[in-house]
S.K.: 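Take this structure first; my questions come after.
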Amino acid sequence: MSYEYAIAALADPTRRAIIDRLRSGALPVGAIHDGMPVSRPAVSQHLRVLSDAGLLTVTPCGNRRLYAIAPEGVDNLRRYLDSLWDDALAAFARAAEEQAKGNSK
């Protein structure tokens, strides 16, 4: 899955809250829903979006499903953000070099 889907999925604050809840490990939908300001069916819909974006894994466990952060999906997103950071640092270095050249004249 590409990073565009992950970014779009994480644009929603409820989905970011779900990801935050899953940082400590896999949980069933009921535990994810506890204390959230949206309905349980809404949480399930958000879980589907996050899963479709490649950010979650779903593991059947008896009559329930456990949701966990998908390392591969997060890694794809991290690589994209790292490339943005690398580009920004390279642009900064070029600007600093140009300014240094201008000041030395």
Side-chain angles (χ1 to χ4, degrees):
M1 194 64 53
S2 81
Y3 66 87
E4 290 104 346
Y5 294 112
I7 290 172
L10 292 173
D12 184 279
T14 301
R15 293 185 199 129
R16 289 192 306 273
I18 289 170
I19 291 291
D20 285 342
R21 288 181 183 220
L22 293 172
R23 289 175 67 164
S24 60
L27 294 170
V29 68
I32 295 167
H33 172 258
D34 284 345
M36 293 196 83
V38 296
S39 69
R40 188 171 170 154
V43 169
S44 293
Q45 289 175 341
H46 286 298
L47 289 168
R48 174 166 286 192
V49 171
L50 290 165
S51 297
D52 290 349
L55 293 172
L56 296 183
T57 61
V58 184
T59 306
C61 184
N63 63 349
R64 60 186 187 164
R65 297 176 183 195
L66 294 178
Y67 294 86
I69 294 174
E72 318 82 47
V74 173
D75 191 48
N76 288 338
L77 180 59
R78 185 191 53 78
R79 279 196 305 270
Y80 170 70
L81 294 174
D82 283 349
S83 73
L84 288 178
W85 182 243
D86 291 344
D87 292 347
L89 288 177
F92 178 77
R94 284 191 302 275
E97 288 172 9
E98 289 299 319
Q99 186 173 9
K101 286 179 187 176
N103 288 339
S104 65
K105 291 183 181 181

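Start at 1 with the first residue, then count along the sequence.
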S.K.: Between atom CG of N76 and atom CD of E4, what is the distance when rounded to the nearest 0.5 Å?
M.R.: 10.5 Å
S.K.: Show the nearest heavy-atom pair for residues A26 and L66, with the distance to one decimal.
M.R.: CB-CB, 4.2 Å
S.K.: Let me confirm one number: the CZ-CG distance from R64 to L27, rounded to the nearest 0.5 Å.
M.R.: 9.0 Å
S.K.: Mind checking the CD1-CD1 spacing from I19 to I69? Nearest 0.5 Å is all I need.
M.R.: 5.0 Å
S.K.: Does R16 CZ have over 12 foreign heavy atoms under 6.0 Å away?
M.R.: yes
S.K.: Is it the case that one hydrophobic cluster holds both L84 and V74, taking links as side-chain heavy atoms less than 4.5 Å apart, direct or via other members?
M.R.: yes
S.K.: For residues 34-46, dump all side-chain donor-acceptor pairs below 3.5 Å to protein atoms at least two apart in sequence or in another chain.
M.R.:
unit_1	atom_1	unit_2	atom_2	d
S39	OG	A42	N	3.1
S44	OG	R40	O	3.3
H46	ND1	R15	NE	3.0

S.K.: Working to the nearest 0.5 angstrom, can you tell me the gap between I18 CD1 and Y67 OH?
M.R.: 10.0 Å
S.K.: Are I7 and V49 linked, directly or through intermediate hydrophobic residues, by side-chain heavy-atom contacts shorter than 4.5 Å (ILVMFWY only)?
M.R.: no
S.K.: Within the 4.5 Å heavy-atom criterion, are L10 and L55 side-chain neighbours or not?
M.R.: yes
S.K.: Looking at CZ of R94 and CG of L89, how far apart are the two atoms once the value is rounded to the nearest 0.5 Å?
M.R.: 10.5 Å
S.K.: Output the distance between atom CG (L47) and atom CG (L22), rounded to the nearest 0.5 Å.
M.R.: 7.0 Å
S.K.: If you measure from the Lys or Arg side-chain nitrogens to the Asp or Glu carboxylate oxygens, is any gap between D82 and R79 under 4.0 Å?
M.R.: no
S.K.: Is there a donor-acceptor contact under 3.5 Å from the side chain of R21 to the main chain of I32?
M.R.: yes
